[in-house]
Amino acid sequence: MSIRILGTGSYLPPRIVTNDDLARELDTSDEWIFSHTGIHARHIAEEDDCTSIMAAKAARKAMESAGVAPEDIGLIVVATSSPDYSTFPSTACLVQAALECPSTGAYDLQAACAGFVYALDQARGWAKMNPDRKALVIGAETLSRIVDWRDRSSCILFGDGAGAVVLGNVEGDDGPAAHTVLWADGKGAGFISRDGGTRLKPQPGMFPVPTLVLQGHDVFAFAVRALAKVTNQLCEKLGTTPASLDRVFAHQANGRIIEAVARRMKLPIEKFYLNLEKTGNTSAASIPIALDEALRGGELRDGMRIVLCGFGSGLTYAGTYMQWPCL
Ligand code: UT7
């Protein structure tokens, strides 16, 4: 028996905001943003869209491509840092209702931009114990609602969207070797944060909507180290080398981060899937959106050796090595 990704789906809201659009409101330019990030545009949720709605849209596509029905789904995990409600109910429960899955567990997982890799690992463990059911793993974000649109050094990075995969057991031989590493370093908690939890002292008469705060340089340096570390670790663990990888699906945060990882690992940049030019940084959604696009575009084929790797607030970082589509 082997655990596989049986289907993928993604959803990007139709509204596109280009760098030139931002430059009409902020002291910035397409030239600055593109040269510092590799981003030209991002999708921004409509007013009546939110994380659970986009997550359900991506999930429906993943279920359709996997050929599974709502009653086949036994687990829904939504990785997100921008849930519909600030804490509860979970976005995953809202997705469960929207998809009308009659018998499933559902919960959110918060590991910021590394959340999808964390969620995939949890769902893989669950799928091993539940061979007759399928799991939906979703990364979904509406970061446009929590970024500070006056802060040109952070708001230019982010976009909205959702990506999903369906996991399940397939009868037959064990699949090829796969592995995941999960890491955290809470000492860097201040590098990317959004206050407003129990740390925020209530102000009389005020209901602030706290925004995202970013220490760009610190995150950049950490990201390059983290992505290279997890990719090297996975290869070592499986007795292979980064050069033997067919593709790396790194969190799409900034093209310059990915270029620096490629240089550090002495890998050609072509090994790294890149789509952030049109999506911006969609946090936990970026890896499943990239997987879905690559698969539908014929750039991800059965048997390819790939690494999925992400990093984010926490700090968290994580990676999965797999031979597509076996986990
Ligand atoms: O999912 C994880 C999320 N976070 C990240 O991935 C963030 C990682 N870090 C980064 O991507 C980069 O640090 C940024 C893109 C955020 C910033 O790029 P940078 O090359 O580190 O720029 P900087 O912060 O060093 O700023 C350089 C200059 C500053 O001006 P002065 O002080 O030199 O006069 C900034 O005020 O660029 C200015 N600047 C801008 N100028 C035009 C910062 N943002 C902008 C902007 N347009 N949007």
Side-chain angles (χ1 to χ4, degrees), residues 5 7-17 39 41-66 70 73 75-101 104 106-120 123 135-147 149 155 157-166 194 209 212 249 251-253 275-276 278-296 310 312:
I5 292 182
T8 64
S10 61
Y11 175 78
L12 291 167
R15 186 173 152 223
I16 294 171
V17 174
I39 297 166
R42 70 286 294 141
H43 293 250
I44 299 293
E46 303 293 344
E47 269 178 30
D48 52 358
D49 251 343
C50 58
T51 300
S52 68
I53 294 176
M54 293 191 294
K57 285 180 178 165
R60 275 194 200 96
K61 290 186 192 169
M63 288 164 67
E64 195 182 301
S65 81
I73 303 296
L75 179 72
I76 300 172
V77 189
V78 177
T80 186
S81 302
S82 45
D84 285 19
Y85 293 87
S86 58
T87 50
F88 52 84
S90 73
T91 302
C93 283
L94 305 176
V95 172
Q96 178 267 329
L99 298 176
E100 299 186 58
C101 296
T104 179
Y107 63 91
D108 289 358
L109 184 148
Q110 213 293 85
C113 307
F116 180 77
V117 180
Y118 269 70
L120 200 61
L136 255 176
V137 183
I138 305 170
E141 302 282 8
T142 319
L143 289 168
S144 62
R145 299 268 157 78
I146 62 168
V147 298
W149 287 103
C155 75
L157 294 169
F158 298 102
D160 299 331
V165 302
V166 174
R194 183 194 177 216
V209 179
L212 183 150
F249 289 85
H251 168 44
Q252 305 285 304
N275 70 347
L276 83 175
K278 291 177 293 179
T279 62
N281 175 349
T282 57
S283 189
S286 88
I287 293 175
I289 291 172
L291 283 177
D292 184 50
E293 276 189 16
L295 190 65
R296 288 175 198 265

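No hydrogens, no waters, no symmetry mates; every other heavy atom, side chains included, goes into these values. These numbers come from a predicted model, not from an experiment.
- Checked by atom type and distance alone, the side chain of Ser90 never pairs as donor or acceptor with a backbone atom of Tyr107 at under 3.5 Å.
- Looking only at distances, a side-chain donor or acceptor of Thr104 sits under 3.5 Å from a matching main-chain atom of Leu75.
- Side-chain contact check for Thr142 and Thr51: at least one donor-acceptor pair (N or O, by modelled atom type) lies under 3.5 Å.
- Every residue two or more places apart in sequence or in another chain that forms a side-chain hydrogen bond (donor to acceptor under 3.5 Å, both in side chains) with Asp84 is listed here: Ser52.
- Contact annotation: the side chain of Pro13 approaches that of Met54 to within less than 4.5 Å [non-hydrogen atoms, C-beta and beyond].
- Listed by chain and residue number, nothing satisfies the ring pair (Phe, Tyr, Trp, His ring centres under 6.0 Å) test with Tyr11 (two or more places apart in sequence, or in another chain).
- For the residue pair Ala162 and Ala140, the shortest heavy atom distance occurs at CB-CB, 3.7 Å.
- With values rounded to the nearest 0.5 angstrom, Leu143 atom CG is found 10.5 Å from Leu157 atom CG.
- Atom-to-atom distance recorded for His251:NE2 and Ser286:OG is 5.0 Å, nearest 0.5 angstrom.
- The CD1 atom of Ile76 sits 7.0 Å away from the CD1 atom of Ile73 when rounded to the nearest 0.5 Å.
- Closest heavy-atom contact between Phe116 and Leu291: CE2-CD1, 4.4 Å.
- Defined by atom type and a distance below 3.5 Å, a donor-acceptor pair is present between the side-chain atoms of Asp160 and Ser144.
- Legend: residues meeting side-chain hydrogen bond (donor to acceptor under 3.5 Å, both in side chains) with Glu293, ordered by chain and number and at least two apart, are Tyr273, Asn275.
- Screening Val77, Leu99, Val78, Val165 for a side chain to side chain contact (heavy atoms under 4.5 Å, CB included) involving Leu136 leaves a single residue, Leu99.
- By the salt bridge (Lys or Arg N to Asp or Glu O under 4.0 Å) test, Lys57 pairs with Asp49, sequence neighbours left out.
- Closest non-hydrogen pair, Ala79 versus Ala119, comes out as CB-CB, 4.3 Å.
- For the atom pair CZ of Arg194 and OG of Ser86, the computed distance is 8.0 Å after rounding to the nearest 0.5 Å.
- Residues passing the side-chain hydrogen bond (donor to acceptor under 3.5 Å, both in side chains) test with Arg296 are Asp292, sequence neighbours excluded.
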Set out, in order, the CA-CA distance, both residues' side-chain angles and the distance that settles side chain to side chain contact (heavy atoms under 4.5 Å, CB included) for Ile146 and Phe158, then state yes or no. CA-CA 10 Å; Ile146 62 168; Phe158 298 102; over 6 Å; no
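- Taking each heavy atom of Ala284 and Ala112 in turn, the nearest pair found is CB-O, 3.6 Å.
- The number of heavy-atom neighbours closer than 6.0 Å to CD of Glu46, taken from other residues, nucleotides and ligands shown, is above 12.
- Here the closest non-hydrogen pair linking Ala58 and Ser10 is CB-CA, 3.8 Å.
- The shortest non-hydrogen separation linking Val95 to Ala55 is CG2-CB, 3.8 Å.
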Side chain to side chain contact (heavy atoms under 4.5 Å, CB included) evaluation trace for Asn281 with Leu276: CA-CA 6 Å; Asn281 175 349; Leu276 83 175; over 6 Å; no
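- For the pair Asp108 (side chain) and Thr91 (backbone), a donor-acceptor distance under 3.5 Å is present.
- Checking Glu141 against Thr282 by side-chain atom types alone, no donor-acceptor pair falls below 3.5 Å.
- In terms of the side-chain hydrogen bond (donor to acceptor under 3.5 Å, both in side chains) criterion, Gln252 has no residue partners (sequence neighbours excluded).
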